[in-house]
Amino acid sequence: MQLCTWSIKIGPWEWEWEWEHLKSVPIQLPAGKACNGNTTVQFHSDQIRLLVSHETQLVIYDAFKMDHIHQNQKKEEEELDENEDEEDQEEKRKKEEEQKEKKEKELNLDEDEQG
């Protein structure tokens with residue numbers, strides 16, 4: 001996957017457009033990640049920086065130099081959570097609910113003893 005910048009020169013007539021490729025930079029994905037999913041590119045309001053957003057990361061570039069300014073990648077733990085199947089997630093929810101009920105019962109017992 002690449003991020004490319006182009007320059008457009010428009011001639012005196014509407015149909016006279018000239019495109020000039022200025023620069024391309026690779027968008028590096030984490031190891032083992034395929035280049036699928038949506039990628040969006042947005043200019044900051046200052047028109048100097050741009051944000052590239054992919055499901056695996058957020059990257060900020062200098063729009064003129066196309067230099068990488070900052071990158072924030074998903075942690076492996078977050079990716080592992082997404083890869084858990086529904087049964088594992090349901091089991092987790094049940095355990096959390098049981099723990100919550102147990103704590104509520106303990107609190108009620110404590111209140112009864114005090115009252």
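Because the structure is a prediction, the values reported are computed rather than measured.
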Working to the nearest 0.5 Å, report the span between CD of Q42 and CG of L50. 10.0 Å
Listed partners of K94 passing salt bridge (Lys or Arg N to Asp or Glu O under 4.0 Å), at least two apart: none
For S24 and Q2, which heavy atoms make the closest approach, and how far apart are they? CB-OE1, 3.1 Å
Within the structure provided, determine whether I27 and Q57 are in side-chain contact (heavy-atom separation under 4.5 Å). yes
Heavy-atom closest pair, residues H68 and V59: CD2-CG1, 3.3 Å
When rounded to the nearest 0.5 angstrom, what distance separates CD1 in I48 from CD1 in I60? 13.0 Å
Value rounded to 0.5 Å, distance of CG in L58 from CG in N72: 6.0 Å
Is it the case that over 12 heavy atoms from other parts of the model lie below 6.0 angstrom from the CG atom of D67? yes
Where is the tightest heavy-atom contact between T5 and A63, given as atom of each residue plus distance? CG2-O, 4.4 Å
Identify whether the distance between the nearest side-chain nitrogen and carboxylate oxygen of K95 and E91 falls below 4.0 Å. yes
Euclidean distance, I8 CD1 relative to E18 CD, rounded to 0.5 Å: 11.0 Å
Distance (rounded to the nearest 0.5 Å) between T39 OG1 and H54 NE2: 4.0 Å
Gap separating the CD atom of E97 from the NZ atom of K100, nearest 0.5 angstrom: 5.5 Å
W6: partners by ring-ring contact (aromatic ring centres under 6.0 Å, His included), with sequence neighbours left out: H21
Same apolar cluster (I L V M F W Y, side chains within < 4.5 Å links), F43/L51: no
Could you check whether any side-chain heavy atom of R49 comes within less than 4.5 Å of a side-chain heavy atom of Y61, counting everything from C-beta outward? no
Are V52 and L22 joined in one hydrophobic group, where the rule is that I, L, V, M, F, W and Y side chains link up if heavy atoms are under 4.5 Å apart? no
